[in-house]
There are 2 protein chains.
Amino acid sequence: MDVARRAGVSQKTVSRVFNDEPYVSAEVRRRVLQAADELGYRRNNAARALASGRTRSIGVVTLGTALYGPASLLMGIERAVRDMGYALRVVNTMEGDPAGVAGAVDSLLDQGVDGIVISEPIDEGSDGTVEGAGSLRVDVPVLVLGAPPLFAAPQVVTAGVVAELLARVATEHLLDLGHLTVHHLAGPGRWYAARDRLEGWRAALAARGRDAPPVVEGDWSAASGYAAGRALASDDDVTAVFAANDDMAIGLIRALTEAGRRVPDDVSVVGFDDIPVAGYVTPPLTTVRQPFDAVAQEGLKRLVHAIENPNADPLPASDPPVDLVVRASTAPPPPRTTPGMGDVRPEHDLT
Amino acid sequence: MDVARRAGVSQKTVSRVFNDEPYVSAEVRRRVLQAADELGYRRNNAARALASGRTRSIGVVTLGTALYGPASLLMGIERAVRDMGYALRVVNTMEGDPAGVAGAVDSLLDQGVDGIVISEPIDEGSDGTVEGAGSLRVDVPVLVLGAPPLFAAPQVVTAGVVAELLARVATEHLLDLGHLTVHHLAGPGRWYAARDRLEGWRAALAARGRDAPPVVEGDWSAASGYAAGRALASDDDVTAVFAANDDMAIGLIRALTEAGRRVPDDVSVVGFDDIPVAGYVTPPLTTVRQPFDAVAQEGLKRLVHAIENPNADPLPASDPPVDLVVRASTAPPPPRTTPGMGDVRPEHDLT
DNA sequence: ATGAAAGCGCTAACAT
DNA sequence: ATGTTAGCGCTTTCAT
């Protein structure tokens, strides 16, 4: 090619310079670099991929929501992928998408990627399984974040199953405050993320020998938290609720407050995520923070290891940090008195 | 190639089948498809890109934050890109990144993309300009979302400069309620998104002949809104504030409330974005909603047009819808009385 | 330390 | 309606 001619060397030598291979004299390297610069040369990735069989890119399958958790995780993934020297390709699977995760993976495979990240998948089949996951032939390593392995691939690594631990910590915080039990406002059952939190809550209660009250299921939205709150407010036994995300917690608190149940005086609420406004709503929300960046980095390190060392053993997983943020939405339970309504005092306008 | 041999046709015919080109008999098409299926064939994108000179992919440069606005826009872009039949590559520019937008664009160009989307850029240079934007040679069409054109590229199209309009609507809403003027809690001045909103606010005031009070600048966070609120609370002339995003509005409201200024009775607040919890904080927030999906779709349609018709005129821009969501954080101003503190009553715990 | 030759798997341009 | 012939711009392999 032109750069080679201009520098008076062979094509291969140019290739060596750009790939930082050894055995090029400083003088030749300089000439090549200069020629390339003058010509505005940049190497063609398609040709590289074709010749080498590697694309140096990683594909990620996400849910296509701007929810704080998934969006934060995606940003962490982008950063981790770039830090590892790969390019990132993104495909969303909207909820209700007929093709689902399998379709997204297929499209990534079509595009050509060296590895795939599946971020916080959900069940899609009516039978509670990931659509088509079994039938798809995946010939690159896969990293599943926040869910069990889903595909038969040369190497499947998982990371970020930390939600269960965080849910335990959140529940224990309420128990430690003296609450006899903790109710749970769960996310949609089809989300692995929701089920992990549910399991953590259940485990924390079981460890203290407490019965788990019936679960209320929301859809992550504040509106669903509000609806749950209206139902829960009439039950005086409810003194503590662990909500599976902050949005629902905020809706829940609003419904409780409107029903005359003060937070945290009458009912304590813990959220999940620590969204940006969590410290500024009324009352400031006690919540747990997910280590998105740490999870993404750790997962990617292991995925790239699997890509670059196909026959080596997978890298071991390590435990990410846990971060409980205690604010003002949690307090010890109210003193046990004769049943009856507390002082009902609606404080705020409705919409 | 194997598929061709197995189907007993030429390589070119296989190519025709997979590209839906005309002039293949139904019979041959069937045979080819079957052979491909049996072999688990999928076409190699690198080879396609190399031979055709097109990658069928679009790169997007984003800010790498999980803020609701940018994250929503990114999701809209992904969807739009996929709908147009392209693959999406993502590169973030973290704030403070020395390479900045130019570095991200460069890396996209390295990867090989047919077009580039720059999503909500910010100024990076200390002199208030986009770092290196001028010196970079970009030879593919560029779409800039929410900012003026930044690069000299074969075609540069912009879309989504709707923030200014939305800011006008928000400000006018407060004016219509009877407020004499409206204060503005702006986003960081380096963000075009912040400056657009500032301009819209200023224009709305100017159109009614009102003076624009001094601007308070935040950093999008609820904490910065809270800090601004403490400062504003002591000024009894402040009866209406337009915040450049909902997070800041929520922090602002908290500070006002703690200072004994009731919202909306004493001070009205309008936010920007309609984040998921906006309707469930106290009081439910009046805000404007950005048409992210519409902006992304329209922008991408025009970008793809520029990619596929290099010599044609750019498609005209169209106006996206405007959506003011009126909730309970805005009301007419309080009756003008003798100056003095209202009833100070701190209602909630601090963190 | 450098070069020559071959070929990765497609599509473009031209047959037939 | 189908086939042939060339490359696309690199990396690989093997020489030197």
Side-chain angles (χ1 to χ4, degrees), chain A residues 1-37 39-57 85-87 109-114 139-140 307-308 310, chain B residues 1-37 39-57 85-87 109-114 139-140 307-308 310:
Chain A
M1 90 130 40
D2 305 330
V3 174
R5 202 164 35 233
R6 183 168 190 124
V9 297
S10 76
Q11 203 183 104
K12 173 66 229 191
T13 298
V14 174
S15 168
R16 272 198 260 264
V17 168
F18 276 93
N19 289 319
D20 279 324
E21 284 173 37
Y23 304 130
V24 260
S25 67
E27 157 61 9
V28 169
R29 158 168 277 116
R30 201 195 50 68
R31 277 210 327 265
V32 169
L33 256 17
Q34 186 185 337
D37 192 52
L39 263 31
Y41 167 78
R42 64 189 343 140
R43 59 185 174 195
N44 180 318
N45 229 284
R48 257 156 73 86
L50 178 57
S52 69
R54 292 190 39 200
T55 63
R56 291 164 186 78
S57 71
Y86 282 73
L109 256 17
D110 260 355
Q111 292 177 41
V113 291
D114 294 344
D139 51 4
V140 298
I307 291 171
E308 296 178 353
Chain B
M1 158 219 303
D2 305 330
V3 174
R5 203 164 35 234
R6 182 165 191 126
V9 298
S10 77
Q11 204 184 102
K12 174 66 228 191
T13 299
V14 174
S15 169
R16 272 198 262 264
V17 168
F18 276 93
N19 288 319
D20 280 323
E21 283 172 38
Y23 305 131
V24 259
S25 67
E27 157 62 7
V28 168
R29 159 168 274 117
R30 201 195 51 68
R31 274 205 336 259
V32 169
L33 257 16
Q34 186 185 336
D37 192 53
L39 264 29
Y41 166 78
R42 63 189 343 140
R43 60 193 202 259
N44 180 319
N45 229 283
R48 258 158 71 88
L50 179 56
S52 69
R54 293 192 37 199
T55 63
R56 291 163 185 79
S57 72
Y86 282 73
L109 256 18
D110 259 355
Q111 292 177 40
V113 291
D114 294 343
D139 50 3
V140 298
I307 291 171
E308 296 179 352

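Throughout, protein chains are lettered first and strands after them, A, B, ... in sequence-line order, and every chain is numbered starting at 1. None of these values were measured; they are calculated from a predicted model.
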With respect to the side chain of B/T13, which nucleotide from C/dT11, D/dT12, D/dT2 is positioned closest?
D/dT2
Can you tell me how far C1' of D/dC8 sits from CD of B/Q11, to the nearest Å?
14 Å
Working to the nearest 0.5 Å, report the span between CZ of B/R42 and CG of A/D110.
4.5 Å
Base, sugar-phosphate, or nothing for B/R43, non-hydrogen atoms under 4.0 angstrom?
sugar-phosphate
Looking only at side-chain atoms of B/K12, point me to the closest of C/dA12, C/dG9, C/dG3.
C/dA12
Looking only at D/dC10, D/dG3, D/dC8, the nucleotide nearest the A/A47 side chain is D/dC10
To the nearest Å, give me how far apart CG (A/L39) and C1' (D/dG9) are.
14 Å
Any non-hydrogen side-chain atom of A/R48 less than 4.5 Å from a side-chain atom of A/N19?
yes
Looking at B/S10, does any N or O in its side chain come under 4.0 Å of the phosphate oxygens OP1/OP2 on D/dT2?
no
Working to the nearest 0.5 Å, report the span between CD of B/E21 and OG1 of B/T13.
10.0 Å
Where do A/A46 and B/L50 come nearest, in terms of heavy atoms and distance?
CB-N, 3.7 Å
If you round to the nearest 0.5 Å, how far is OG of A/S10 from CZ of A/R16?
6.5 Å
Taking for each residue the nucleotide of DNA chain D bearing the nearest heavy atom, is the 5' side occupied by A/S52 or by A/A46?
A/A46
For the pair made of CZ in A/R48 and P in D/dG9, what is the distance, rounded to whole Å?
15 Å
In this structure, how many angstroms lie between the P atom of C/dG9 and the CG atom of A/D110, rounded?
16 Å
Can you tell me if A/N19 touches the phosphate of D/dT11, counting only side-chain N or O atoms and a distance under 4.0 Å to OP1 or OP2?
yes
Ignoring hydrogens and angles, answer whether the base of D/dG3 and the side-chain atoms of B/R16 contain a donor-acceptor pair closer than 3.5 Å.
yes
Of residues 24-36 of chain B, the positions that come close to DNA chain D - non-hydrogen atoms, cut-off under 4.0 Å:
B/V24, B/S25, B/V28
B/R42 atom CZ is separated from C/dC8 atom P, nearest whole Å, by 20 Å
Atom-pair distance (OH on B/Y23; C1' on D/dG3), nearest Å
16 Å
Answer whether the closest heavy-atom distance between the side chains of A/I307 and A/V140 falls below 4.5 Å.
no
In this structure, how many angstroms lie between the C1' atom of D/dG9 and the OH atom of A/Y41, rounded?
7 Å
In whole angstroms, how far is the C1' atom of C/dA12 from the CD atom of B/E21?
10 Å
Any idea which heavy atoms bring B/T55 and B/V113 closest together, and the distance?
OG1-CA, 3.5 Å
